[in-house]
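Here the structure comes first, spelled out in structure tokens, and everything after it is commentary.
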Protein chains: 2
Amino acid sequence: MAENSATGARPDDFESRLRAAGIRITRPRKIILEILGDKADHPGAAEIYRRAQRIDPSISLATVYRTMKLLEDFGAVHRHAFDGGPSRFEVVDGDHHDHLIDLDTGKVIEFHSETIERLQEQIADELGYDIEHHRLELYGRKRRER
Amino acid sequence: MAENSATGARPDDFESRLRAAGIRITRPRKIILEILGDKADHPGAAEIYRRAQRIDPSISLATVYRTMKLLEDFGAVHRHAFDGGPSRFEVVDGDHHDHLIDLDTGKVIEFHSETIERLQEQIADELGYDIEHHRLELYGRKRRER
DNA sequence: AGACTAGTTGCAAACGATTTGCATTTGCAT
DNA sequence: ATGCAAATGCAAATCGTTTGCAACTAGTCT
């Protein structure tokens, strides 16, 4: 059955884009796309696997990894390894942003600073480099002002 | 500029600091400290192991890892996982800096921008967070202007 | 609808990086 | 020198991730 989530998940978009690229939409992939559609957090492979299993227990972790790789190569997903930990994934929806990781909860907050972006470009330029991509992560804890 | 070390290594500094903290200076540790004294690059555990073995073939990889952990906890070393790869280490020598990683060679260039630092603080502040540490990595390739 | 086939799956085994249990050695204070 | 807690080397264990392979499907072509 086709369920429409009012929260903004539109896996159909992805499905058609993938189809257009000649990528098969299989049952596992459909489920994973559905999960990623949430966009609420930055789940790791194990978490995606757990959620997928609740929908279809026959899904394997290997397929989760393979699908994430596929989506990453396709450019639909970004992979992060915050503080050297296991990979966590994030759906790419156009706008670039950086991350503030809550050290207590692991929660990820997104932010963007055009000024910082420009400064990065400038620095790389002065060093004679072209930036391919970059990674800015702030690790912190909620301010506890009493 | 600061002081310069012609041949580079001054492990004695570290040794005394570690001794003062009640940490035993064993043969393997002495060797690893000597290697880290170079500060020329950002070697990974395997590379440190390789270099250590050239000095004393009996050193084990496990000890390299244990020692790096020790030094990291001691605050003498920082651990990086550039682009999700294996850990690479860097001696901490006071001044903070960020990194530009040459995607072709893996070489790491250090830089620092007080402006960026301040902007980061400001952003975290606006989000209600105190920064514990942060990580800014630029990944790029040497500009090939002909 | 049935058949075909290349792409995809699940499983388990393989993998690379790192950690750990344990018996043996060693630093270093006595 | 002696003693003992701490550190070592080794091998096995762990974690996250990838891969080989035989069985299975999605999408296509009748």
Side-chain angles (χ1 to χ4, degrees), chain A residues 11-12 14-33 35 42-50 52-74 77-89 106, chain B residues 11-12 14-35 42-50 52-74 76-89 106:
Chain A
D12 306 71
F14 264 105
E15 286 193 23
S16 32
R17 279 180 47 202
L18 290 166
R19 272 213 172 79
I23 292 168
R24 283 195 197 170
I25 303 304
T26 64
R27 183 157 160 65
R29 284 177 185 170
K30 205 177 285 233
I31 291 173
I32 290 171
L33 286 175
I35 290 168
H42 296 59
E47 176 60 22
I48 294 172
Y49 174 54
R50 224 171 291 128
Q53 277 205 312
R54 285 210 293 269
I55 301 172
D56 177 353
S58 76
I59 281 184
S60 78
L61 182 54
T63 293
V64 172
Y65 276 108
R66 278 189 284 234
T67 302
M68 297 323 292
K69 180 85 166 346
L70 177 84
L71 294 175
E72 191 187 4
D73 291 349
F74 188 67
V77 147
H78 278 172
R79 177 190 300 252
H80 301 285
F82 299 128
D83 255 349
S87 296
R88 296 174 62 177
F89 303 91
Chain B
D12 306 71
F14 264 106
E15 286 192 24
S16 33
R17 279 180 48 203
L18 290 167
R19 270 211 174 79
I23 292 168
R24 284 194 195 170
I25 302 305
T26 63
R27 182 158 161 65
R29 285 178 185 169
K30 206 177 283 233
I31 291 173
I32 290 171
L33 286 174
E34 195 181 315
I35 290 168
H42 297 59
E47 177 60 22
I48 294 172
Y49 174 54
R50 223 170 293 127
Q53 277 205 312
R54 286 209 294 267
I55 301 172
D56 175 355
S58 77
I59 281 184
S60 78
L61 182 56
T63 293
V64 171
Y65 275 110
R66 277 189 284 233
T67 301
M68 297 323 292
K69 181 87 166 344
L70 177 85
L71 295 175
E72 190 188 4
D73 291 348
F74 188 67
V77 147
H78 279 172
R79 178 191 298 255
H80 301 285
F82 299 128
D83 255 350
S87 296
R88 296 174 62 176
F89 304 92

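The shown structure was predicted, so the numbers you read here are calculated from the model rather than taken from an experiment.
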message: Main chain of A:Arg24, side chain of A:Arg29: is a donor-acceptor contact present, judged purely on distance under 3.5 Å?
response: yes
- prompt: Could you give the NZ-to-P distance, from A:Lys30 to C:dG7, as a whole number of Å?
  reply: 20 Å
Length of the line joining A:Lys69:NZ and D:dT19:C1', which is rounded to integer Å: 11 Å
message: Without decimals, in angstroms, what is the distance between B:Leu18 CG and D:dA7 P?
response: 11 Å
statement: Taking C:dC28, C:dT18, D:dT8 as options, the one with an atom nearest any side-chain atom of B:Thr63 is D:dT8
field: Proximal nucleotide (of C:dT18, D:dC10, D:dT18) relative to the B:Leu61 side chain
entry: C:dT18
- line: Winner on side-chain proximity to B:Ala62, out of D:dT17, C:dT9, D:dC10, is D:dC10
message: Strictly below 4.0 Å, N to O, side chains only: are B:Lys69 and B:Glu72 in salt-bridge contact?
response: no
query: Taking CD from A:Gln53 and C1' from C:dT9, how many angstroms apart are they, rounded to a whole number?
result: 14 Å
field: B:Lys30 and B:Glu34 ion-paired at < 4.0 Å
entry: no
message: Which nucleotide, if any, forms a Watson-Crick or G-U wobble pair with D:dA26, using both distances under 3.5 Å?
response: C:dT5
query: C:dT9 P sits how many Å from A:Tyr49 OH, rounded?
result: 14 Å
message: Return the CZ to CD1 distance between B:Arg88 and B:Ile48, rounded to the nearest 0.5 Å.
response: 10.5 Å
query: 5'-most contact on DNA chain C: B:Ile23 or A:Pro57, nearest heavy atom basis?
result: A:Pro57
query: Less than 3.5 Å between a donor and an acceptor, one on the side chain of B:Arg24 and one on the base of D:dA5, is that the case here?
result: yes
statement: The reported gap from CG in A:Leu71 to CZ in A:Arg79 (rounded to nearest 0.5 angstrom) is 10.5 Å
- prompt: Got a donor-acceptor pair under 3.5 Å from the side chain of B:Arg29 to the base of D:dA7?
  reply: no
- request: Output yes when at least one side-chain N/O atom of B:Thr26 is less than 4.0 Å from OP1 or OP2 of D:dT8, else no.
  value: yes
field: Minimum-distance pair of heavy atoms, taken over all atoms of B:Pro28 and B:Thr63
entry: CB-CG2, 3.7 Å
query: Nearest of D:dT8, C:dG10, D:dG27 to any side-chain atom of B:Pro28?
result: D:dT8
message: Rounding to an integer number of Å, can you tell me how far B:Arg50 CZ sits from C:dA17 C1'?
response: 13 Å
message: Side chain of B:Tyr65, heavy atoms from C-beta onward: which of D:dT8, C:dT8, C:dA17 has the nearest atom to it?
response: C:dA17
message: Judged by each residue's nearest nucleotide on DNA chain C, which is more toward the 5′ side, B:Arg27 or B:Pro86?
response: B:Pro86
task: Answer yes or no: side-chain N or O of B:Arg19 and base N or O of C:dG27 forming a donor-acceptor pair under 3.5 Å.
output: no
- request: Ignoring backbone atoms, test whether B:Ser87 places a side-chain nitrogen or oxygen under 4.0 Å from the OP1 or OP2 oxygen of C:dT18.
  value: yes
- request: Measure from CD on A:Glu47 to P on D:dT17 and round the result to the nearest Å.
  value: 14 Å
message: Can you measure B:Arg66 atom CZ to D:dG9 atom P for me and round it to whole angstrom units?
response: 8 Å
